[in-house]
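Written below as structure tokens is the structure these notes are about.
This structure is a prediction, so every number in the text was calculated from the model and none was measured.
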Amino acid sequence: MRRLLLLAPLLLFAVSGCGVLQSSEGEATDSARDVARKAGERLYGQRPRTAEEVGYITSGIEGVEVLRVKGASTRDGDGIEVVVRTSGTAYDQKFDPEPVTVRRCFAVRVSPKSEWREDPRDVDCPDGPRLAFAPPPEPPALPHDELRAKLPRVPEGGLVDEAEVRRAVAALDMDQAILPRCRRAQAGSASSCRWRATATTRRTASSAG
């Protein structure tokens with residue numbers, strides 16, 4: 001009986017120590033999850049993106065490895081799911097002999113239904129190395145001089161004829177990646193048009209004229 005009483009504090013310490021170790025691992029996992037959540041924040045938005053674009057952007061985030069990309073576009077079906085691997089570290093100097101570091105995998109969903117700061121889903125890490133993605137091509141250059149020469153002039157206080165602008169632009173036979181975006185006139189304001197040059201990653205170009 002005396003021997004059991006002496007062993008009781010040791011057993012209590014051992015159980016308590018295991019609990020702290022488990023807590024440190026949990027904190028490290030939460031830290032890894034937070035890295036994946038921040039990756040989702042970088043990808044969040046309503047602008048359509050391809051799987052290649054999502055993979056390229058995600059792979060450039062510090063501390064994130066892309067292991068799998070599923071889906072074709074953020075606007076098709078359920079959007080794109082990207083599986084990432086991140087790491088996290090936690091340390092309790094009272095109980096941990098050294099920092100506890102874990103590597104975990106999470107699925108990040110990118111679609112119009114995604115919510116801001118949405119929690120990534122815990123998943124098993126797929127086999128194989130991390131994926132690499134080529135940088136996107138440069139968007140086509142805007143033909144500023146041709147646009148200035150061909151677009152109709154608007155008199156002082158006048159309004160833009162959107163149909164006339166679109167006909168003039170269509171006659172230039174520009175690259176299909178250059179998209180005209182016109183804002184219709186409202187009371188007391190004039191219509192205006194801008195052009196956006198797009199590639200795999202879309203970049204806004206300045207308006208001509």
Side-chain angles (χ1 to χ4, degrees), residues 25-90 100-143 166 169-170 173-184 193-207:
E25 183 176 342
E27 290 180 10
T29 299
D30 289 342
S31 178
R33 184 180 295 105
D34 192 52
V35 175
R37 184 185 297 110
K38 290 179 180 178
E41 292 176 13
R42 286 279 302 274
L43 298 169
Y44 178 82
Q46 297 301 312
R47 188 178 65 183
R49 289 189 171 103
T50 64
E52 188 74 16
E53 182 179 4
V54 169
Y56 177 77
I57 294 174
T58 309
S59 64
I61 300 174
E62 185 178 359
V64 176
E65 296 177 324
V66 179
L67 301 183
R68 185 171 63 201
V69 179
K70 182 180 179 182
S73 168
T74 55
R75 288 298 181 89
D76 293 341
D78 294 330
I80 292 176
E81 181 182 84
V82 53
V83 174
V84 300
R85 181 167 56 204
T86 63
S87 63
T89 300
V100 177
T101 300
V102 301
R103 301 182 76 194
R104 296 287 186 265
C105 287
F106 305 93
V108 178
R109 174 70 59 181
V110 189
S111 75
K113 297 181 181 179
S114 299
E115 298 181 1
W116 174 249
R117 290 190 61 81
E118 183 175 325
D119 283 335
R121 181 166 50 88
D122 294 49
V123 297
D124 294 331
C125 292
D127 297 330
R130 65 181 181 180
L131 303 179
F133 300 86
E138 290 292 327
L142 284 173
R166 291 185 179 277
V169 172
D173 192 27
M174 292 191 298
D175 192 301
Q176 292 183 353
I178 300 177
L179 306 177
R181 302 184 63 167
C182 295
R183 183 180 64 192
R184 296 183 182 279
C193 293
R194 295 174 66 87
W195 281 263
R196 181 187 296 267
T198 65
T200 303
T201 53
R202 299 173 182 239
R203 304 179 186 177
T204 304
S206 59
S207 59

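Arg109 and Glu115 are not joined by a salt bridge, as no carboxylate oxygen comes within less than 4.0 angstrom of a charged side-chain nitrogen.
Taken from CD1 in Ile80 to CZ in Arg75, the straight-line distance is 11.5 Å, to the nearest 0.5 Å.
Thr86 places a side-chain N or O within donor-acceptor distance of the main-chain N or O of Ala32, the cut-off being under 3.5 Å. For the pair Thr58 (side chain) and Gly55 (backbone), a donor-acceptor distance under 3.5 Å is absent. For the pair Ser31 (side chain) and Glu27 (backbone), a donor-acceptor distance under 3.5 Å is absent.
Closest approach of Gly79 to Ser111, counting heavy atoms only: CA-CB, 3.8 Å. Nearest approach of Tyr44 to Ser114, heavy atoms of both residues: CE1-O, 3.4 Å. Of all the heavy atoms in Thr74 and Val110, the pair that sits closest is CG2-CG1, 3.6 Å. The two residues Pro48 and Glu53 come nearest to each other via the heavy atoms O-OE1, 4.2 Å. Of all heavy-atom pairs spanning Thr29 and Arg104, the tightest one is OG1-NE, 3.5 Å. Across all non-hydrogen atoms, the minimal contact from Pro136 to Tyr56 is CD-CE2, 3.5 Å.
Heavy atoms of other residues, nucleotides or ligands lying less than 6.0 angstrom from CG of Asp78 number 12 at most.
Of the residues Val35, Val108, Val82, the one that meets the side-chain contact (heavy atoms from CB on, under 4.5 Å) test with Val64 is Val35.
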Please set out all donor-acceptor pairs under 3.5 angstrom arising from side-chain atoms of residues 36-43, sequence neighbours excluded.
| residue | atom | partner | partner atom | Å |
| --- | --- | --- | --- | --- |
| Arg37 | NE | Asp119 | OD1 | 2.9 |
| Arg37 | NH1 | Asp34 | OD1 | 2.9 |
| Arg37 | NH2 | Asp119 | OD1 | 2.7 |
| Glu41 | OE2 | Arg117 | NH1 | 2.3 |

Could you list the donor-acceptor pairs under 3.5 angstrom formed between side-chain atoms of residues 120-130 and any protein atom two or more places apart in sequence or on another chain?
| residue | atom | partner | partner atom | Å |
| --- | --- | --- | --- | --- |
| Arg121 | NH2 | Glu81 | OE2 | 2.5 |
| Asp122 | OD1 | Arg33 | NE | 3.4 |
| Asp122 | OD1 | Arg33 | NH2 | 3.3 |
| Asp122 | OD2 | Arg33 | NH2 | 2.9 |

